[in-house]
Amino acid sequence: MAAVPFLTPDEVDALAARAHAGQYDRIGVPYVEHVRAVAAGVAPFGAGLRMAALLHDVLEDTPLTAEDLLAAGVPAAVVATVRRVTRTPGTDYRAMLLDVATDHAATLVKIADNAHNSRADRAALLPEADRARLAERYRAARAVLWPAVAEADVRTVLALVNPDLLAELD
């Protein structure tokens with residue numbers, strides 16, 4: 001049996017777009033725009049991280065499985081990162097974050113995800129109760145994630161995804 005060739009980042013982008021087709025985030029934006037923003041935040045760290053970011057929500061929010069990703073030609077290292085950032089049912093959010101924080105690639109993806117979800121322009125479109133609850137959740141997540149990688153890496157991601165958060169580092 002011939003090996004499946006690895007997908008390129010652009011092919012992974014197309015796969016993510018197909019997987020999230022018809023899905024919208026909490027503020028009514030096509031969901032693929034979120035994963036693309038997260039991918040842009042980790043792009044300086046290489047194609048593999050960009051691909052993991054594009055796929056970071058497919059295992060939670062679509063019918064695709066890790067096996068489907070591997071069969072499609074997503075590199076195993078990318079799938080491993082996607083698995084690590086995927087919250088499995090019954091797993092406490094903080095426990096998941098502590099696990100993510102043990103892996104550099106997963107931590108960078110999750111920092112970019114958090115930064116995008118924390119954007120003031122996006123939060124302003126949420127109901128007030130959700131806004132306050134999510135702001136606290138994301139703040140607590142940053143306290144776990146940011147110390148797990150070099151500050152320069154955090155700054156790189158934030159500058160691309162949510163520069164307003166840079167003030168929290170200073």
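In this text, all values refer to a predicted model and were calculated from it rather than measured experimentally.
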Closest contact, heavy atoms only, [X] versus [Y]:
X: A19; Y: V58; value: CB-CG1, 4.0 Å
X: L166; Y: A159; value: CD1-CA, 4.3 Å
X: L59; Y: A66; value: CD2-N, 3.4 Å
X: P9; Y: L54; value: O-CD1, 3.9 Å
X: L55; Y: A16; value: CD2-CB, 4.2 Å

Do you reckon [X] sits in the same ILVMFWY cluster as [Y], going by side-chain contacts under 4.5 Å, direct or chained?
X: V82; Y: I111; value: no
X: V144; Y: L165; value: yes
X: Y93; Y: V100; value: yes
X: V29; Y: Y24; value: no
X: V85; Y: L70; value: no

Can you tell me if [X] uses its side chain to pair, donor with acceptor, with the backbone of [Y] under 3.5 Å?
X: Q23; Y: T62; result: no
X: R131; Y: A123; result: yes
X: T102; Y: L98; result: no
X: T91; Y: R87; result: no

Can you tell me how far apart [atom1] ([X]) and [atom2] ([Y]) are? Round to the nearest 0.5 Å.
X: T8; Y: E11; atom1: OG1; atom2: CD; value: 3.5 Å
X: I27; Y: R119; atom1: CD1; atom2: CZ; value: 9.5 Å
X: Y138; Y: N114; atom1: OH; atom2: CG; value: 7.5 Å
X: L64; Y: D57; atom1: CG; atom2: CG; value: 12.5 Å

State, yes or no, whether a side-chain contact exists between [X] and [Y] at a heavy-atom distance under 4.5 Å.
X: S118; Y: R142; result: yes
X: L158; Y: L169; result: yes
X: K110; Y: M96; result: yes
X: V38; Y: V161; result: no
X: H56; Y: V35; result: yes

Which atom pairs, donor and acceptor, lie under 3.5 Å between side-chain atoms of residues 41-50 and protein residues at least two apart or in another chain?
none

* Asked: Between the side chains of N162 and H116, does any donor sit under 3.5 Å from an acceptor?
  -> no

* Asked: With no hydrogens and no angle check, do the side chains of D68 and T65 hold a donor and an acceptor under 3.5 Å apart?
  -> yes

* **side chain to side chain contact (heavy atoms under 4.5 Å, CB included) partner of L7, the single match among D13, L15, L69** => L15

* **Partner of V154 under side chain to side chain contact (heavy atoms under 4.5 Å, CB included), chosen from T107, V149, L108** => V149

* Asked: Given R83 and E67, is the salt bridge (Lys or Arg N to Asp or Glu O under 4.0 Å) satisfied, shown in steps?
  -> CA-CA 11 Å; R83 279 182 163 159; E67 292 72 27; 3.0 Å; yes

* By ring pair (Phe, Tyr, Trp, His ring centres under 6.0 Å) - contacts of Y31 (at least two apart) -> H20, H34

Is the shortest side-chain N to carboxylate O distance from [X] to [Y] below 4.0 Å?
X: E168; Y: R155; value: no
X: D92; Y: R94; value: no
X: D99; Y: R84; value: yes
X: R26; Y: D130; value: no

* To do: Sequence neighbours left out, what passes salt bridge (charged side-chain N to carboxylate O under 4.0 Å, His left out) with E60? Give chain and number order.
  => none

